[in-house]
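Working notes for the structure below.
One is the number of the first residue; the rest follow in order along the sequence.
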Amino acid sequence: MSFQPPQRVLMGPGPADVPNRILHALAKPTIGHLDPAFGVLMEEIKQLLRYGFQTKNDLTIPLSAPGSAGMECCFVNLVEPGDTVIVCQNGAFGARMRENVERCGATPVMVMDDWGAAINPQKLEDALKSHPEAKAVALVQAETSTGVLSDVETLCALAHAHDCLTIVDAVTSLGGSELRVDDWKIDAVYSGTQKCLSCPPGLSPVSFSPRAVDVISRRKTKVQSWFLDLNLVMDYWTSDGPRTYHHTAPINALYGLHEALLILQEEGLENAWQRHQTGHEKLCQGLNDIGLELLVKPEDRLPQLNSVLVPSHITDEAALRRRLLDQFNLEIGAGLGELAGKVWRIGLMGHSCRNENIQTCIQALKTVLN
Ligand SMILES: *Cc1c(COP(=O)(O)O)cnc(C)c1O
């Protein structure tokens with residue numbers, strides 16, 4: 001029997017709801033990855049991604065793997081054994097960055113902030129002053145584990161003032177919150193398709209500045225990952241000359257990404273950012289009306305991921321989420337790490353950020369809480 005997935009409303013930390021227009025794009029006939037027609041699609045995707053990231057970077061491509069591979073790609077290409085990298089950690093994903101730095105044979109210097117707080121620029125500046133040997137600063141713009149948005153513009157300016165490269169996790173921010181790769185001087189940025197782009201998971205858009213490309217081309221050691229070595233991947237995504245086979249791109253998944261990026265362009269980036277902000281305000285009002293509170297203070301909130309405090313009288317929060325799924329076909333996220341059991345994570349990402357979803361969610365929560 002063919003698998004029949006249930007029809008869910010996806011309001012967790014990703015994946016988000018995928019609109020029919022993208023599902024239909026995914027179902028178009030598969031062609032060869034070296035077909036000239038596919039080359040045209042690749043060029044259009046690169047162009048559309050530059051718009052999404054607000055960059056002119058030549059090296060702007062989707063990696064054939066999820067957001068975690070985008071993270072790993074940034075580290076394995078830019079970091080060499082013996083380097084020092086400052087990692088700002090204010091949630092689960094900063095901890096993974098630290099892992100990546102260590103696995104590259106480099107030394108992480110941690111700038112720690114509480115789960116639920118934004119990255120503190122003063123702490124970063126102190127770390128930069130006491131570690132003049134640092135090569136790069138890595139940070140997460142939108143911490144999906146807590147629902148916090150950090151000030152990337154300020155943090156990247158500090159890093160550059162101390163001559164460091166910047167590596168930014170924009171997995172949950174691309175298409176959902178203001179992100180300006182060139183203006184903010186981000187050297188390496190990675191994202192994912194299943195958050196605010198509303199695609200299925202499995203691809204990671206990345207972009208590297210000319211300065212980062214220069215660092216990669218002057219490496220003393222080979223990139224330890226063959227699959228993620230950008231020196232090789234670049235020849236597959238090149239626009240001048242014949243493309244050389246590296247791996248077989250996930251052809252249909254790229255049809256989906258192309259459609260998602262067209263949708264983003266049609267809506268307009270600024271409008272998309274505003275839609276997430278407006279949806280977030282409506283959700284907060286609704287949550288407030290039924291007596292629920294958010295973890296994060298208003299000025300640090302990430303519109304597309306809302307961490308809601310589990311009321312103290314709820315003894316089994318997992319059972320409540322199960323009821324939302326069974327009775328309302330509604331998925332919301334559980335708390336992660338030190339917030340496990342303490343918060344629910346309600347996502348408003350991409351196509352999931354719609355009034356009808358917000359209403360459904362508030363009504364469903366109201367019913368199960370009573
Ligand atoms: C989801 C997410 C990732 C990981 O992406 P995957 O596609 O699950 O590998 C990394 N960073 C952040 C901030 C995320 O939200």
Query raised in the report: Run the salt bridge (charged side-chain N to carboxylate O under 4.0 Å, His left out) check on Arg180 and Glu178 step by step: do they pass?
Result: CA-CA 7 Å; Arg180 301 185 186 276; Glu178 183 174 12; 2.7 Å; yes

Report task. Determine, step by step, whether Arg219 and Thr221 satisfy the side chain to side chain donor-acceptor pair (under 3.5 Å) criterion, reporting the C-alpha distance in whole Å, the side-chain angles of both residues, the deciding distance to 0.1 Å, and the verdict. Result -> CA-CA 5 Å; Arg219 283 179 64 100; Thr221 56; 3.2 Å; yes

Requested in this report: Tell me, with the steps shown, if Ile186 and Leu179 meet side chain to side chain contact (heavy atoms under 4.5 Å, CB included).
Outcome: CA-CA 10 Å; Ile186 300 172; Leu179 170 63; 3.9 Å; yes

Query raised in the report: Which is it for Thr172 and Thr144 under the side chain to side chain donor-acceptor pair (under 3.5 Å) test, yes or no, and what are the steps along the way?
Result: CA-CA 7 Å; Thr172 294; Thr144 322; 2.7 Å; yes

Requested in this report: Using the side chain to side chain donor-acceptor pair (under 3.5 Å) rule, take Asp235 and Thr244 through it: C-alpha gap first, then chi angles, then the decisive distance, then the call.
Outcome: CA-CA 6 Å; Asp235 291 338; Thr244 26; 4.6 Å; no

**Report entry** Steps toward salt bridge (charged side-chain N to carboxylate O under 4.0 Å, His left out) verdict (Asp229, Lys222)
**Finding:** CA-CA 8 Å; Asp229 185 342; Lys222 266 190 181 180; over 6 Å; no

Report task. Go through the steps to decide whether Val189 and Thr55 satisfy the test side chain to side chain contact (heavy atoms under 4.5 Å, CB included), and finish with yes or no. Result -> CA-CA 11 Å; Val189 61; Thr55 182; over 6 Å; no

Report task. Would you sort out whether Gln359 and Asn355 count as a side chain to side chain donor-acceptor pair (under 3.5 Å), showing the intermediate values? Result -> CA-CA 6 Å; Gln359 298 310 327; Asn355 279 339; 5.5 Å; no

Query - Glu43 vs Lys46, salt bridge (charged side-chain N to carboxylate O under 4.0 Å, His left out): CA-CA, chis, key distance, verdict - result: CA-CA 5 Å; Glu43 285 308 307; Lys46 289 197 295 193; 3.0 Å; yes

**Report entry** From CA spacing to verdict: salt bridge (charged side-chain N to carboxylate O under 4.0 Å, His left out), Glu259, Arg21
**Finding:** CA-CA 7 Å; Glu259 200 65 27; Arg21 197 172 143 186; 2.7 Å; yes

Requested in this report: Apply side chain to side chain contact (heavy atoms under 4.5 Å, CB included) to Leu309 and Lys342, showing your working.
Outcome: CA-CA 6 Å; Leu309 294 170; Lys342 295 183 184 146; 5.7 Å; no

Requested in this report: Under the side chain to side chain contact (heavy atoms under 4.5 Å, CB included) rule, what do Asp169 and Met71 come out as? Steps first, then yes or no, please.
Outcome: CA-CA 7 Å; Asp169 179 318; Met71 179 188 288; 3.9 Å; yes

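Although no hydrogens or angles enter the test, the distance criterion places no donor-acceptor pair under 3.5 Å between the side chain of Ser352 and the main chain of Leu348. With hydrogens and angles disregarded, no donor-acceptor distance shorter than 3.5 Å links the side chain of Ser204 to the backbone of Leu63. For the pair Lys185 (side chain) and Val181 (backbone), a donor-acceptor distance under 3.5 Å is absent. The closest donor-acceptor contact from the side chain of Asp17 to the backbone of Val9 lies at 3.5 Å or more, if one exists at all. A side-chain donor-acceptor contact under 3.5 Å links Arg345 to the backbone of Ala334. In this structure, the side chain of Thr84 does not engage the main chain of Ala134 through any donor-acceptor pair within 3.5 Å. Not one N or O on the side chain of Asn252 forms a donor-acceptor pair closer than 3.5 Å with the backbone of Pro29. Judged purely by atom type and a 3.5 angstrom limit, Asp151 uses its side chain to pair as donor or acceptor with the backbone of Thr154. A donor-acceptor pair under 3.5 Å is formed between the side chain of Asp113 and the backbone N or O of Asn120. Distance alone, capped at 3.5 Å, places no donor-acceptor pair between the Thr60 side chain and the Arg50 backbone.
The line from NZ of Lys195 to CG of Leu305 is 8.0 Å long, rounded to the nearest 0.5 Å. For the atom pair CG (Leu283) and CG (Asn306), the distance works out to 5.0 Å, reported to the nearest 0.5 Å. Rounding to the nearest 0.5 Å gives a distance of 12.0 Å between CG of Leu330 and CD of Gln363. Summarising the geometry, atom OG1 belonging to Thr193 is positioned 6.5 Å from atom CG belonging to Leu257; distances are rounded to the nearest 0.5 Å. Here Leu320 contributes atom CG and Leu369 contributes atom CG; the two are 5.5 Å apart, rounded to the nearest 0.5 Å. Separation of atoms NE2 (His160) and CG (Leu155) is listed at 11.5 Å; rounding is to 0.5 Å.
Considering every non-hydrogen atom in both Leu197 and Ile22, the closest pair reads O-CD1, 4.0 Å. Minimum interatomic distance between His351 and Val18 (heavy atoms only, all atoms of both residues): CD2-C, 4.3 Å. Taking every heavy atom of both residues into account, Glu143 and Phe93 meet most closely at OE2-N, 3.0 Å. A pairwise comparison of heavy atoms in Ala188 and Cys74 identifies CB-SG, 3.9 Å as the closest pair. The two residues Cys353 and Arg275 have their closest heavy-atom pair at O-NH1, 3.4 Å. Of all heavy-atom pairs spanning Leu264 and Ala272, the tightest one is CD1-CB, 3.8 Å.
For the pair Val343 and Val308, the minimum side-chain heavy-atom distance is 4.5 Å or more. Between Gln274 and Glu270 the shortest side-chain heavy-atom distance does not fall below 4.5 Å. Using a 4.5 Å cut-off on side-chain heavy atoms (C-beta onward), Val111 and Val87 make no contact. At least one side-chain heavy atom of Val171 sits less than 4.5 Å from a side-chain heavy atom of Tyr190. Looking at Glu44 and Val40, their side chains come closer than 4.5 Å, going by heavy atoms from C-beta outward.
A donor atom on one side chain and an acceptor atom on the other are found under 3.5 Å apart for Asp126 and Gln122. Counted by atom type alone, Tyr245 and His33 present zero donor-acceptor pairs between their side chains at under 3.5 Å. No hydrogens or angles considered: a donor-acceptor pair under 3.5 Å links the side chains of His247 and Ser64. Ser150 and Gln141 are not linked by any side-chain donor-acceptor pair at a separation below 3.5 angstrom, with hydrogens and angles left out of the test. A donor atom on one side chain and an acceptor atom on the other are found under 3.5 Å apart for Asn57 and Ser207.
For Glu293, the CD atom is loosely surrounded, since the number of other residues' heavy atoms within 6.0 Å does not exceed 12.
Ring-centre distance between Trp226 and His246: below the 6.0 Å cut-off.
We find that Lys297 and Asp300 are joined by a salt bridge, their nearest charged nitrogen and carboxylate oxygen being less than 4.0 Å apart.
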